[in-house]
Protein chains: 2
Amino acid sequence: MVAITIKDVAALAGVSAATASRVLSGNPATSPDSRARVAAAVTELDYRPNAQARALRSTRSDSIGLLVSDVRNPFFADLAHTVEQAALAAGYVTLLGNANERKEQQDRYLDTLISRRVDGIIVAPLGDGSGSIRSLITREIPTVFVDRTVDGLDIPSVTTDSEAGIRQAVEHLAAAGHTRIGYISGPQATSTGRDRFAAFTRAIADKGLSQDHELVYFGDYQAASGSAGVHALLQLRRPPTALLAADSLMAVGAIAILHKLGRRIGVDIALIAFDDIEWFALLNPALSVISHSVEEMGRIAVDMLLQVIDGGQPESVVLPSELIVRASSSTPTSPVSGPSLRTN
Amino acid sequence: MVAITIKDVAALAGVSAATASRVLSGNPATSPDSRARVAAAVTELDYRPNAQARALRSTRSDSIGLLVSDVRNPFFADLAHTVEQAALAAGYVTLLGNANERKEQQDRYLDTLISRRVDGIIVAPLGDGSGSIRSLITREIPTVFVDRTVDGLDIPSVTTDSEAGIRQAVEHLAAAGHTRIGYISGPQATSTGRDRFAAFTRAIADKGLSQDHELVYFGDYQAASGSAGVHALLQLRRPPTALLAADSLMAVGAIAILHKLGRRIGVDIALIAFDDIEWFALLNPALSVISHSVEEMGRIAVDMLLQVIDGGQPESVVLPSELIVRASSSTPTSPVSGPSLRTN
DNA sequence: CGTTTCCATGGAAACGATTCCATACCTACA
DNA sequence: TGTAGGTATGGAATCGTTTCCATGGAAACG
């Protein structure tokens, strides 16, 4: 592996390394002649500048870090795609990390991102402001929180207003006659887990529905915990007649076990999920969801990060959420959960 | 932003930069005393080594590149997760790129990955061996192809044997009485697109089914082209009674438009998709699929890449595929596509 | 024609680590 | 006691760029 350096290019072009560097970085203080000669040498040698050396000298790495909990979650997959494409358009490459909803892995990734001197970090954070998150602040590394926040940290963020969507969902279910709504919550170590749970609690109270704390199951945003949640909730002496899942993966788990148990969604039990995924509309019955725009979230996050990198202090953005009613929650149920007709 | 370097650490610890470096890299030629002093200085200063400088000097970047077509495709999302986690376990971070099934974007990403001197690259390649792919070889950059290959290039790869699964699918449909099977193909610029199409053609011929070339629609592995394919195939004078989609996204598009057109899957028309996605089993009717193991593919790809980085020459691996019959294809259909009973 | 200005250029010093090489010290052995 | 061998250490070179600074020549101006 013979490494080709800028000196080789300079030698072949008959100029100095300094001039070659100037040509390559588009510095106007270059003659058309040397521009042409260097360009020719570059293609002749198939020269690729060493990004490490460049970054070392210029203290810019042209890379950003994106830390999410799990790309297999369609929400984060969409986010990763949008962020990566927007960053690419702005000349940055994206380092992807999956924290797997585990704080030590988040810290480990933040450490590597700091070591690699990424120009900025977009993170869906987990936990409180302890650990490596603290280092981001003391080092003044441009950071933007996406989807989630961390209490007490003054970092610009793009989040969703869960309140509106969840309130609409609860009101919708209440209007259909449900009084006992089961809630499959996200982990309380995340701001979305806490916020959505709080929104649910408030909405339930405002509507005068059952606040039986047994109706809440605390999951971890993974499919398996959705199944476990349904399992637990259906074993109650007075099981819920409707379910609200705090993210799409737990909804998937819930659907899987409901199928297995032979409970007909939208007939025997109503189901609404947070997060709109293309596929949810294809289910039969189609799934009612609380929708929010991932693409917008990703684009705004990159925009904000670029601003922070440029020394700006963008305002945090809160995006709306909204209930989309489909068949999975459209059947009115009598309060005692009697039999009902199926609609489609 | 005051940068803390190894010299600061060395000064605080009262040793030289060389010794500090030795301590940090675990070199045994260090006294317990300086080890302790350096460790203390590191935590005191919250020192993070500059990965660029380290990489520049040691010609290892401890990073790999992963280039897929689109993380929003659940297959690639799973792959990205597995690869990223396996790489992390081996001490590497992953640079993610989405080529969006476009050759120029693939080339652009390969260029940046080369510039960044990643230690290796895992790519689901697109197109022929022209463009930047060629540079990978001449520069002897450790590379592994995953899911797809490029004809004529001697690069280790992990792929799926599409033949077996597709043959099983065709035989299964033929046994159910289908003679006109529509095929929604992947792009012919990808090896999977070509291989699966060839396998389909062979299977159709062997079974003596209709080889009407109008029954093949060439899509691009995106959902929209699945919809377009169904639309085109159903407009034929003699439309197919069964459909085989070459990937999951096109299957999603197909399902969406079939719903909209009021065609009942598994009743009016049979449907089988390549790629097994957890959610496909949750559809009603559940979707028959040709399944292959993404996790295994990802793990093996990282294993192989590590071998190549170590100077080895691992053998390419071909993983099996297999038909999983579910309700979407289980109803026998009379050759003339008459009415039939619904099973579930 | 002489002086100023401008522009393209090359030499050399960074950037922050690793690593070769030489040295100083200490122990062990004859 | 003198020498060989081992160990911990520091100085300095190095990795491949960018960028500061000085220089030389051409152009422009009086």
Side-chain angles (χ1 to χ4, degrees), chain A residues 1-39 41-42 45-63 91 111-112 114-119 139, chain B residues 1-39 41-42 45-63 91 111-112 114-119 139:
Chain A
M1 194 157 70
V2 280
I4 295 166
T5 78
I6 201 171
K7 288 180 188 169
D8 302 317
V9 173
L12 181 61
V15 298
S16 73
T19 300
S21 169
R22 274 186 280 259
V23 170
L24 289 170
S25 60
N27 188 318
T30 49
S31 69
D33 182 50
S34 38
R35 247 170 295 175
R37 302 166 66 95
V38 169
V42 163
L45 297 174
D46 191 28
Y47 165 74
R48 315 292 171 112
N50 184 321
Q52 340 254 29
R54 184 206 298 269
L56 177 59
R57 177 62 228 237
S58 56
T59 64
R60 308 191 60 235
S61 65
D62 293 323
S63 61
D111 287 348
T112 17
I114 294 172
S115 256
R116 274 159 204 286
R117 304 293 193 265
V118 291
D119 296 331
R139 284 168 181 266
Chain B
M1 191 158 71
V2 280
I4 296 165
T5 78
I6 201 170
K7 288 180 187 168
D8 301 318
V9 173
L12 181 61
V15 298
S16 73
T19 300
S21 169
R22 274 186 280 260
V23 170
L24 288 171
S25 59
N27 188 320
T30 50
S31 69
D33 181 50
S34 39
R35 249 170 295 176
R37 302 165 66 97
V38 169
V42 163
L45 296 174
D46 190 29
Y47 166 73
R48 316 291 172 113
N50 184 322
Q52 340 254 28
R54 183 207 299 268
L56 178 59
R57 179 61 228 243
S58 55
T59 63
R60 307 192 60 237
S61 64
D62 293 325
S63 61
D111 288 348
T112 21
I114 294 173
S115 255
R116 277 160 201 284
R117 304 293 193 263
V118 291
D119 295 332
R139 285 169 181 266

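Because the structure is predicted, anything quoted here is derived from the model rather than measured. Order of the sequence lines fixes the chain letters, A, B, ..., with proteins taken first and strands second; residue numbering starts at 1 for each chain.
Along DNA chain D, read 5' to 3', the first and last nucleotides having any atom under 4.0 Å from a heavy atom of chain A are D/dG16 to D/dC20.
Of the two residues contacting DNA chain C, namely A/S34 and B/N50, the nearest-nucleotide position lying further toward the 5' end is that of A/S34.
B/I6 CD1 to B/L45 CG: the interatomic distance, rounded to the nearest 0.5 Å, is 11.5 Å.
At least one donor-acceptor pair under 3.5 Å links the side chain of A/S115 to the backbone N or O of B/P49. Here the side chain of B/R117 pairs no donor or acceptor atom with the backbone of A/A51 at under 3.5 angstrom.
At a threshold of 4.5 Å between non-hydrogen side-chain atoms, the residues B/R22 and B/P28 do not count as touching.
The side-chain hydrogen bond (donor to acceptor under 3.5 Å, both in side chains) test applied to A/T5 returns no partner, not counting sequence neighbours. Residues forming a side-chain hydrogen bond (donor to acceptor under 3.5 Å, both in side chains) with A/T112 (at least two apart in sequence, or on another chain): none. Taking the side-chain contact (heavy atoms from CB on, under 4.5 Å) definition, one finds that B/A55 meets it with A/Q52, B/S61, sequence neighbours left out. Applying the side-chain contact (heavy atoms from CB on, under 4.5 Å) criterion to A/S31, with sequence neighbours excluded, gives A/D33, A/S34. Checked against salt bridge (charged side-chain N to carboxylate O under 4.0 Å, His left out), B/D62 has the following partners two or more places apart in sequence or in another chain: B/R60. For B/T59, the side-chain hydrogen bond (donor to acceptor under 3.5 Å, both in side chains) test picks out no residue, with sequence neighbours left out.
Contacts classified as side chain to side chain donor-acceptor pair (under 3.5 Å) and involving residues 6-21 of chain B (residues at least two apart or in different chains) are given here: B/S16-B/T19. Among residues at least two apart or in separate chains, salt bridge (charged side-chain N to carboxylate O under 4.0 Å, His left out) pairs with a member in residues 47-58 of chain A are A/D46-A/R48, A/R48-B/D111.
Residues A/A13 and A/R37 come closest through the heavy atom pair O-NE, 2.8 Å.
The side chain of B/Y47 places no N or O atom within less than 4.0 Å of a non-bridging phosphate oxygen (OP1 or OP2) of C/dG16.
Residues from residues 54-62 of chain B with heavy atoms under 4.0 angstrom of DNA chain D, sorted by number: B/L56, B/R57. Listed by residue number, the members of residues 11-33 of chain A with any heavy atom below 4.0 angstrom from DNA chain D are A/A18, A/S21, A/R22.
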Pairing of DNA chain D as dot-bracket, 5' to 3': ( ) intra-strand, [ ] crossing, | other strand, . unpaired, with Watson-Crick or G-U pairs under 3.5 Å?
-> ||||||||||||||||||||||||||||||
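If you measure from atom CD of B/Q52 to atom P of C/dG16, you get 11 Å, rounded to the nearest angstrom. Rounding to whole angstrom units, NZ of residue B/K7 and C1' of C/dC15 are separated by 9 Å.
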